[in-house]
Each structure stands twice: as structure tokens, then as C-alpha cells.
Amino acid sequence: MEAEVIKAELVLPTHMSFKRIQMYEKYPKGQSKVRWKQLKQILQAENCQNYSPDEPNYVNIESPPSMQPCKRICDITGFEAPYHDPRTNLRYANADVFKLVRSLPNEYVQRYLALRKAAVVLR
């Protein structure tokens with residue numbers, strides 16, 4: 001026996017309520033997405049020349065120094081450095097960098113420390 005094929009039409013909504021609305025449905029052709037303004041455009045729109053110098057705006061933003069401690073950065077790689085070498089005083093991120101730090105000649109160590117403005121005479 002052959003199975004009978006029944007033709008049925010399913011009527012489905014354009015999107016299910018539990019699914020996210022697709023971008024093409026949200027922004028059909030011809031409509032553009034929200035565009036971000038650049039700083040120059042914001043300044044022109046606000047007309048900052050008419051404000052008094054004491055009133056805060058984008059041109060004269062002043063903030064107090066940060067209360068958070070500064071991050072320690074690896075002198076070799078630039079990643080966050082939880083460790084420092086007591087012999088050379090260089091900061092390093094992992095064991096591979098530590099091997100490199102220990103193999104550096106003294107003048108290179110001094111250059112790295114000078115970049116960080118922590119140059120000291122090593123003995």
C-alpha cells in the first residue's frame with residue numbers, strides 16, 4: 001500500500017513571539033540603522049562657544065585622579081603582569097617570559113626599566 005499524501009497548508013506567523021526579531025524585519029530596505037555621532041558633530045550641535053568656561057561640556061571635561069591602583073603591565077609582552085623578578089625588577093606575565101627576562105643582558109634590562117621610568121642601578 002502506498003501512503004497517501006495529504007496536501008495541507010500551514011499558516012505561520014511572520015515571527016514567533018519567543019524568537020528574536022531578525023534584523024531584516026526590524027530594518028527593512030531603505031531604512032538605515034542608528035548612526036553614532038562623532039565628537040565634532042556633537043560639539044557643533046551643542047555650540048560650545050556660547051557656554052561659560054565653568055559649565056562642564058565635552059570640551060572641558062575634568063575628572064579627579066582615579067582611586068583604583070594602576071594596572072601592572074608586563075615589560076616584555078604588554079599583558080597584565082601578576083609577577084615581578086626581584087633580581088631585575090622587571091614585571092612579567094608568565095613562565096616563558098620569565099626565562100626571557102633572566103636571559104636578558106644588564107643593559108637591556110636598564111632600557112626596559114627606563115621605558116617604565118623605574119630605572120635603577122642594578123648590582
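Count residues from 1 along the sequence.
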* Is a donor on one side and an acceptor on the other found under 3.5 Å between the side chain of Asp85 and the backbone of Leu90? -> no

* Establish whether Val101 and Tyr108 are linked, either directly or via other cluster members, by ILVMFWY side-chain heavy-atom contacts under 4.5 Å. => yes

* Asked: Looking only at heavy atoms, which two atoms of Tyr112 and Leu104 are closest? And how far apart?
  -> CE1-CD1, 3.8 Å

* For Arg72, does the CZ atom have more than 12 heavy-atom neighbours from other residues, nucleotides or ligands under 6.0 Å away? -> no

* Output the distance between atom CG (Asp75) and atom CZ (Arg111), rounded to the nearest 0.5 Å. => 15.0 Å

* Value rounded to 0.5 Å, distance of CD1 in Ile76 from CZ in Arg91 -> 12.5 Å

* So which heavy atom on Cys74 is nearest to which on Ala93, and how close? -> SG-N, 3.6 Å

* At what distance, to the nearest 0.5 angstrom, does OH of Tyr92 lie from NZ of Lys99? -> 12.0 Å

* To do: Could you tell me whether Phe98 atom CZ has more than 12 heavy atoms of other residues or ligands within 6.0 Å of it?
  => yes

* To do: Hey, could you give me the CG/CZ distance between Asn106 and Arg87, rounded to the nearest 0.5 Å?
  => 11.0 Å

* From Gln38 atom CD to Gln41 atom CD, the distance as rounded to the nearest 0.5 Å -> 5.5 Å

* Asked: Do Asp96 and Leu100 come within less than 4.5 Å of each other through their side chains, counting heavy atoms only?
  -> no

